[in-house]
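For reference, the structure discussed in these notes is given below.
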Amino acid sequence: MEVLLVSNGIRCSTLPPSYVRPEPERPRLSQVPDYLNAPVIDLGCGDRKFVVQQISQACQHYGFFQVINHGVGRETMEGMLEVAKEFFNLPVEEKMKLYSNDPSKTTRLSTSSNLHKEKIHNWRDYLRLHCHPLDKFVKEWPNNPSSFKQVVSSYCMEVRQLGLRLQEAISESLGLEKAHINNSLGEQGQHMAINYYPPCPEPELTYGLPAHTDPNTLTILLQDPQVSGLQLLKDGQWLSVKPFPNALVINIGDQMQAFSNSKYKSTWHRAVVNAQKPRISVATFLCPSNSAVIKAPKELINGDDESQSIYKDYTYAEYYEKFWTRNLDQGHCLELFKTTTSV
């Protein structure tokens, strides 16, 4: 039976069985405290050395951080969230023109995560867009709402520049030349997932997205300022990351973990839902070019001995293909790329 969009306008009084998690896997929402010491980095403080130090600490000990004064305009962010809301409020028939479960499509609306592989579905719809180069992909994007292409294009360009600047700072924080990461990853791709989590009749039984790490290099997340739902794993405990005014959340992805020889860890995170309000989030993924070879530079390998590299060399295309053959919550895909000496 085909799975319908959860934003289909039909309100359920109980959760459909295909979304219900086994009892041990449920989110236990009442037991998740707030992430009180989540790192917030002011990129506009004027002290680059201090910013780089903060990024180093955050990447090592948290796997994520939030940034303020980041150069993405407040109006740009607000416009992005508003046009996303307008899109998901369209009639189902209009949205379904973009529906596809083929992960190779560069513009598609879908539901849950990986319908072909997963056994239990997630209470989420999402619009997936490829964003770089813009002139190649923007013509595929929705024409409705009428402002969609203009608003989303502006957001994509500003966020891309932020991501490339952050990767320069991360490169410096690893003791490398600031251009090292960007140069190593080739012409970096950029994807976007506009996530929509409708009110859920029984939020304690399911997820918007289950626990996972991101397969790319760096993720920049724009949160709904009014509705929380992001949770991160820290020292074995799930913590709720409340929206911080005008901030963007930066997640370290699997490719950054591999590139840093595991000095920096990709962060485990999940999305939970609620019964009262819909939630929107916009995730931008910076990705290596498909042909880029992911390997730790010799400066990050103990004693210049390549046998000390934790992960074998691979291309991003190889990694991404493997990622999509698995369930999102099937474990860390990066484990499959460890060298035999590090297992």
Whether the side chain of [X] engages the backbone of [Y] through a donor-acceptor N/O pair (distance < 3.5 Å, no angle test) should be reported.
X: Y19; Y: L205; result: no
X: N69; Y: D42; result: no
X: K95; Y: F88; result: yes
X: H212; Y: W268; result: no
X: Q255; Y: Y316; result: no

Shortest non-hydrogen contact from [X] to [Y]?
X: K312; Y: Y314; answer: O-CD2, 3.1 Å
X: C200; Y: T206; answer: SG-CG2, 3.8 Å
X: E204; Y: R26; answer: O-CB, 3.6 Å
X: F65; Y: C59; answer: CE2-SG, 3.9 Å
X: L209; Y: S112; answer: CD2-O, 4.4 Å
X: K149; Y: S153; answer: O-OG, 2.6 Å

Using only heavy-atom distances, determine whether the side chains of Y311 and Q257 contain a donor-acceptor pair under 3.5 Å. yes
Tell me yes or no: between the side chains of N122 and R21, is some donor less than 3.5 Å from an acceptor? yes
My understanding is that only one of F285, F137, W141 makes a ring-ring contact (aromatic ring centres under 6.0 Å, His included) with H130; could you say which? F137
Would you say the rings of F64 and Y35 are close, in the sense that their centroids are separated by under 6.0 Å? yes
Check whether more than 12 heavy atoms from other residues, nucleotides or ligands sit under 6.0 Å from atom NZ of K234, and answer yes or no. yes
Residues R279, D224: salt bridge by 4.0 Å N-O rule: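 The answer is no: the pair does not qualify as a salt bridge.
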Would you mind checking if E23 and R28 are paired as a salt bridge, meaning a charged N to carboxylate O distance below 4.0 Å? yes
